[in-house]
**Student:** 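Got a structure for you, written out below as C-alpha cells; questions coming shortly.
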2 protein chains.
Amino acid sequence: MQSQLRKFKAAIFQALSHPTRIAIVEILSEGEMSAGAILERLAVEQANASQHLAVLRASHIVVNRKEGNQVFYSLKNHRLVDVLSLMRLYFMEELNESVEMLAEINQQSTGSAPKTDS
Amino acid sequence: MQSQLRKFKAAIFQALSHPTRIAIVEILSEGEMSAGAILERLAVEQANASQHLAVLRASHIVVNRKEGNQVFYSLKNHRLVDVLSLMRLYFMEELNESVEMLAEINQQSTGSAPKTDS
DNA sequence: ATAGCATATTCGTTATTTCGAATATATGAT
DNA sequence: ATCATATATTCGAAATAACGAATATGCTAT
C-alpha cells in the first residue's frame, strides 16, 4: 500500500529527473502543443526530444493525440505543475539560506565590507 | 537562469527517484532520527541504507549531526514534505481516473454488473 | 507511385545507478 | 590495548539511462 505509493512517487520523480523533461512539462503547462512546436523550444536533437517524450508517455505524465501529420501532446494532469511550482519555491528557499549563510560569514570575518576577495 | 532552475529540480527529483529514499524522507518528516533507527524501518541492508543516505546528503536534502557513536539525520527543509504530499494527491487523482474509466467500460459492455470476468 | 514532411524507433556507445559483500573508520566500554 | 557497536566507503557486477546517427513509419501532396 504505502510501498506502492512510494514506488509510484519514485517512478514519477524518475520520469522528471531530467532538465529536458522538466522543460517539456513546463512548456505543456501552457497547453496542448505539437511535438514539432515543443522541439522548437528545446535546443536538442529531434530524436532526443522524441525519446524524452516517450519517457513522459510511458509514465503517463503526458498524453498524445494524432492529427494528420502531427502529434499533439498535453499534460494528463495539471497537478504536476503545482509540484513544479513548489519545487521552485524550494529552490528559492535553499538559495536564500545559502545567501544568508554567506552574508554571515562575511560579517564575522570582516565586521562588514561584503567584498568578493579573501 | 531558467535552465539552472530546471537542472536543480531535475537533480532533486533524481535524488528522490528511489522508493527507499522517498521512505527515508517521509520517515524524517517526523523529526530527527539516527541512521540506525532509520535502518530499522527500511528492510534493506545497512550498506544500502547508508548509500541512500549518502545520495540524500549529496543533494543536501538531509543534514546530519554526529553524537558519539551515532549519526542523526534530519530534513534540511520540510518543504519537500509538501512536495511528497502533493504527489500523494496526484496519485489519488490518477487512481481515481483509472477507476472511473474502468467503471465506464463495465457499464458500456454489460449495462451494469461489475464482475471480474470477461 | 513517388516524394516530402513530422515523428518515432532502433542501435551502439558511454555513463550512471543499484546492490551486497567486504572492509574501513570512529567512538565507547572493558 | 582490545573489542564491540554504529556507520560509511570501496569494489565489482548487473541493470538502466542518455545521446546522436541512422532508419523506420505514417501522412499528405503531387
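Keep in mind that this is a model prediction, so the values were computed, not measured. Lettering follows sequence order; numbering is per chain, from 1.
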**Student:** Can you figure out which of dT7(D), dA21(C), dT9(C) approaches the side chain of S50(A) most closely?
**Tutor:**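 Side chain of S50(A) sits closest to dT9(C).
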**Student:** Assuming nearest nucleotide by heavy-atom distance, tell me which of R21(A) and N64(B) is located more 5' along DNA chain D.
**Tutor:**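 Mapping each residue to its closest nucleotide by heavy atoms, the 5'-most match is N64(B).
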**Student:** Would you kindly give the CD-to-C1' distance between Q14(A) and dA15(D), to the nearest whole Å?
**Tutor:**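 Roughly 12 Å, once rounded to whole Å.
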**Student:** How long is the line joining CZ of R65(A) and P of dA6(C), in whole Å?
**Tutor:**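 Answer to the nearest Å: 17 Å.
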**Student:** For dA6(C), does OP1 or OP2 lie under 4.0 Å from any side-chain N or O of Y73(A)?
**Tutor:**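 No, no such contact exists.
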**Student:** Taking the minimum atom-to-atom distance to the side chain of Q70(A), which one of dT7(C), dA18(D), dA8(D) wins?
**Tutor:**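 The answer is dT7(C), which lies nearest to the side chain.
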**Student:** Taking the side chain as every heavy atom from C-beta outward, state whether L53(A) and V71(A) have any atom pair closer than 4.5 Å.
**Tutor:**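 Side-chain contact under 4.5 Å: no.
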**Student:** Under 30°, 30 to 60°, or over 60°: which ring-plane class applies to Y90(B) and F8(A), parallel, tilted or perpendicular?
**Tutor:**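 Rings of Y90(B) and F8(A): tilted, 30 to 60°.
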**Student:** Ignoring hydrogens and angles, tell me if any N or O in the side chain of R6(B) forms a donor-acceptor pair with the backbone of T20(A) under 3.5 Å.
**Tutor:**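 Between the backbone of T20(A) and the side chain of R6(B) there is no qualifying donor-acceptor contact (under 3.5 Å).
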**Student:** Which nucleotide sits closest to the side chain of S34(B): dA8(C), dA17(D), dT7(D)?
**Tutor:**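 Selected nucleotide: dT7(D).
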**Student:** Kindly state which residues belonging to residues 35-42 of chain A come within less than 4.0 angstrom of DNA chain C, counting heavy atoms of the residue only, listed by number.
**Tutor:**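 Contacts with DNA chain C under 4.0 Å: A35(A), G36(A).
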**Student:** Please report, rounded to the nearest Å, how far the C1' atom of dA21(C) is from the CD atom of Q46(B).
**Tutor:**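 So the CD-C1' distance, Q46(B) to dA21(C), works out to 12 Å.
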**Student:** Hey, is the side chain of Q51(A) pairing donor to acceptor with the base of dG20(D) inside 3.5 Å?
**Tutor:**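 Side chain to base: pair found, below 3.5 Å.
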**Student:** With a 4.5 Å heavy-atom cut-off, do S74(A) and V62(A) have their side chains touching?
**Tutor:**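 Sidechains of V62(A) and S74(A): no contact.
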**Student:** N69(A) CG to dT25(D) C1': how many Å, rounded?
**Tutor:**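 Checked: the CG to C1' distance equals 11 Å.
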**Student:** Assess whether atom CZ of R65(B) is packed by more than 12 heavy atoms of other residues, nucleotides or ligands within 6.0 Å.
**Tutor:**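 Enclosed: over 12 neighbouring heavy atoms sit under 6.0 Å from CZ of R65(B).
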**Student:** Below 4.0 angstrom from OP1 or OP2 of dA17(D), is there any side-chain N or O of H52(A)?
**Tutor:**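 Answer no for this pair, as no side-chain N or O of H52(A) is under 4.0 Å from OP1 or OP2.
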**Student:** Kindly say if R57(B) contacts the phosphate of dT9(D), meaning a side-chain N or O under 4.0 Å from OP1 or OP2.
**Tutor:**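 Result: yes.
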**Student:** Whole-Å distance between dT16(D) P and H18(A) NE2?
**Tutor:**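 After rounding, the gap between these two atoms is 19 Å.
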**Student:** Is the count of non-hydrogen atoms from other residues, nucleotides or ligands lying under 6.0 Å from R57(B) atom CZ greater than 12?
**Tutor:**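 Check passes, neighbour count above 12.
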**Student:** Is a side-chain donor or acceptor of S50(A) paired with a backbone partner of Q46(A) at a separation under 3.5 angstrom?
**Tutor:**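 Such a contact is absent between S50(A) side chain and Q46(A) backbone.
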**Student:** Quickly work out the L16(B) CG to dT18(C) C1' distance and round it to whole Å.
**Tutor:**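 Answer to the nearest Å: 17 Å.
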**Student:** In whole angstrom, give the distance that lies between atom CD of E45(A) and atom P of dA8(C).
**Tutor:**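 It works out to 15 Å between those atoms.
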**Student:** Take the protein atom NZ of K66(A) and the nucleotide atom P of dA8(C), then report the distance between them rounded to whole Å.
**Tutor:**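 About 8 Å, once rounded to whole Å.
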